[in-house]
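These notes concern the structure reproduced below.
Basis for what follows: all heavy atoms, side chains included, without hydrogens, waters or symmetry-related copies. Keep in mind that this is a model prediction, so the values were computed, not measured.
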Amino acid sequence: MVLKSFGLTGKLALVTGSGRGLGQAMAIALAQADAEVILWDVNADDLELTLDEIKSQGGSARTDVVDVTLEAAVQEGLTTLGAPIDVLVNNAGVTSGSPFEDLPEEDWERVLSVNLGGIFQCSKWVAKQMISSGEGGSIVNIASISGMVGNRGGNNSHYCATKGGVIALTRSLAVEWAQHRIRVNAIAPGYFVTPMTDRLKVRDASFYQELVSRVPLGRFGEPHDLAGAVVYLASPASSFVTGNVLVIDGGYTAW
């Protein structure tokens, strides 16, 4: 009975930024839990790779190239689905590196537009569907420990600002939409093996190893380390959980 509550059979799950990395891993996990997964990204080639992986495992998925910062694109993408979304994972995000005093305005605007603006557009229009259906649903926002602590050596305070905003927005929407049976939670990953951290490893190997040494579990997270968390928050197993920020960082923020 307990294990069945983690299943997503008959549910339609939308994952933004699902062409690669953490978004891809979470999309695959939702498909493994038997959801039909809608894959959104701005890169069509990446989407096809995720789609192929899900189908190779017997899962069901569809793709669409959608820029989540554009209201018209989000509306059109949802309209073509033919059914309301049950689970939304707001994963699409970008960053850049610059000392804040030298940060170009266009970088500030771009990071805010994707990391917060994309959540605004997708959550707004998906919630309209969830409210109209009367069935509610689950929204999972991908925040970061960067929204909770400063990033030493990161030079990405604008990114940290958006992730702090994601956490605040998650808690506020959880309260606002509880009456509609919409649960809103967030996952805050720590340092994970991604193309961005791979570039850091090449650029500054000693600093990379210093970051690894700060993690009590002794390693960076792997994309699959988010699989259980996203399935839990998406499924009935977490039916009394809302407004929560689940930190997955190997203990990094515990000391």
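- Between the Thr50 side chain and the Ser18 main chain, a donor and an acceptor come within less than 3.5 Å of each other.
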Check the pair Arg203, Leu200 against side chain to side chain contact (heavy atoms under 4.5 Å, CB included), reporting the backbone distance first and the verdict last.
CA-CA 5 Å; Arg203 186 174 69 249; Leu200 173 62; 3.5 Å; yes
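- When each of Asp41, Val87, Val37 is paired with Val15, the side chain to side chain contact (heavy atoms under 4.5 Å, CB included) condition holds for Val37 and for no other.
- Between Phe220 and Tyr191, the ring planes are parallel. Angles under 30° get that label, and only those over 60° would be called perpendicular.
- Remark: side-chain polar atoms of Ser235 are paired, donor with acceptor, to backbone N or O of Ala237 under 3.5 angstrom.
- For the pair Ser238 (side chain) and Leu233 (backbone), a donor-acceptor distance under 3.5 Å is present.
- Side chain of Ser56 to main chain of Glu53: a donor-acceptor pair is present (N/O by atom type, distance under 3.5 Å, no hydrogens or angles).
- The pair Arg152-Glu210 meets the salt-bridge criterion, since a charged nitrogen lies less than 4.0 angstrom from a carboxylate oxygen.
- Note on residues 17-40: pairs passing salt bridge (charged side-chain N to carboxylate O under 4.0 Å, His left out), not counting sequence neighbours, are Arg20-Asp46, Glu36-Arg62.
- Phe6 and Ile54 fall within a single hydrophobic cluster, where Ile, Leu, Val, Met, Phe, Trp and Tyr side chains are chained together by heavy-atom contacts under 4.5 Å.
- The hydrophobic clustering, which links ILVMFWY residues whose side-chain heavy atoms are closer than 4.5 Å, places Val111 and Leu70 apart.
- By the criterion of side-chain heavy atoms lying less than 4.5 angstrom apart, applied directly or through intervening Ile, Leu, Val, Met, Phe, Trp or Tyr residues, Trp177 is not grouped with Val140; the two fall into different hydrophobic clusters.
- Side chain of Asp102 to backbone of Pro99: no donor-acceptor contact under 3.5 angstrom is found.
- By the criterion of side-chain heavy atoms lying less than 4.5 angstrom apart, applied directly or through intervening Ile, Leu, Val, Met, Phe, Trp or Tyr residues, Leu226 is not grouped with Val247; the two fall into different hydrophobic clusters.
- Remark: the Asn90 side chain and the Thr16 side chain contain no N/O donor-acceptor pair separated by less than 3.5 Å.
- Although no hydrogens or angles enter the test, the distance criterion places a donor-acceptor pair under 3.5 Å between the side chain of Thr197 and the main chain of Phe192.
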